[in-house]
Amino acid sequence: RRSFLRANDALDRFCEETGFRYRVFIEHAVGRGEASRQRYERSGDRLEHYVGADLEEAAIEAARQEQALGRLPRGMWFVGGADIGAPETLLNALKARDVETQDAVMIVGNGFHEVRAQTDDKMVAVFKGYHDAGVVLLFAEESALGTEDLLKTAWNTYHAGFRYVHTKSGQGLRPAVEGPPARFGRALPASWLACAEAAGYVRMDSYCHRSRTIYPYSIPDRHNPSISVNHFFIPAELATRLKVDVTSPSSS
């Protein structure tokens, strides 16, 4: 809930400060539709479309139950069987309803790491699918930590177990941004930042949010990644159209 609050707050601030307007709000990996519930409280029926998408039918059904209870928009509609790693499933469903994807906003809570059989090139292709459709992308992800960081933190985060179970399941954790090369242990995959930028997205750093860092205090020249990050990406064409300042992200 807190992660979605941060995302919706960032979206409101982005609109206020840049003049950006959108008519379509999509929540992928919809669960019970918490991001949509929050957005509906703020935007009401001013938006033309609220859309929920998920791979699992159980999640779609849970969202429909929330809708029946009046917690989600009456007109919200759902796309089941939607693998977040296959953008065409959602995009084709939108096209079938004549819904314009240009400048649509999509919020995702910890969903992209669930893409199976990830490679860097595959993740770039996933992002490119959404980018080329003109979708503004807000998502939260836990940070992948390298072996050295896991050892140096004395296992005081859940990330060792987190990495283990996701590796076993075929899911792919990634760091938020690039860190230094691994001195031992396997190298981490390309960061979410690198993959999204390679697909054409621009990261709006001032609208992102970082949780606490894995080390309690900073030491000069030591990488100190955040536990998790709320990312805010817009297509490069939109950045040009809005004439927004693009700042380089920090190494956290």
Residue pair [X] / [Y], side-chain heavy-atom distance below 4.5 Å:
X	Y	answer
Tyr130	Tyr201	yes
Ile84	Phe139	no
Arg2	His209	no
Arg37	Tyr50	no

Distance flag, aromatic centroids of Phe112 and Phe127, threshold under 6.0 Å: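 Judged by ring-centre distance (under 6.0 Å), Phe127 and Phe112 do meet the cut-off.
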
Okay, side chain of [X], backbone of [Y]: is any donor-acceptor separation there less than 3.5 Å?
X	Y	value
Arg116	Ser169	yes
Asn230	Ser3	yes
Glu178	Ser191	yes
Arg183	Pro181	no
His166	Leu173	no
Arg163	Ala144	no
Arg174	Ala190	yes
Ser43	Arg46	no
Glu56	Ala58	no
Glu141	Ser228	no

Ion pair [X]/[Y], N-O distance below 4.0 Å:
X	Y	answer
Arg32	Asp54	no
Arg23	Asp103	no
Glu16	Arg13	no

Write down the atom of [X], the atom of [Y], and the distance for their closest heavy-atom approach.
X	Y	value
Thr119	Lys122	OG1-N, 3.0 Å
Ala29	Val108	CB-CG1, 4.5 Å
Ala93	Val79	CB-CG2, 3.8 Å
Ala53	Ile60	C-CD1, 4.2 Å

Find the distance between [atom1] ([X]) and [atom2] ([Y]) and round it off to the nearest 0.5 Å.
X	Y	atom1	atom2	result
Asp205	Leu193	CG	CG	9.0 Å
Glu66	Glu34	CD	CD	8.5 Å
Leu72	Ser36	CG	OG	6.0 Å
Thr18	Ile234	OG1	CD1	7.5 Å
Leu94	Glu100	CG	CD	10.0 Å

Treating Ile, Leu, Val, Met, Phe, Trp and Tyr as nodes and any side-chain heavy-atom pair under 4.5 angstrom as an edge, say whether [X] and [Y] lie in one connected cluster.
X	Y	answer
Ile26	Trp77	yes
Leu90	Val24	yes
Leu5	Leu138	no
Phe78	Ile107	yes

Within 45° cone and under 6.0 Å: Arg222 NZ/CZ vs Tyr215 ring: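 Judged by the rule (NZ or CZ under 6.0 Å from the ring centre, within 45° of its axis), Arg222 counts as positioned above Tyr215.
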
Residue of the set Phe233, Tyr22, Phe232 for which side-chain contact (heavy atoms from CB on, under 4.5 Å) holds with Val136: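 It is Phe232; the other options fail the test.
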
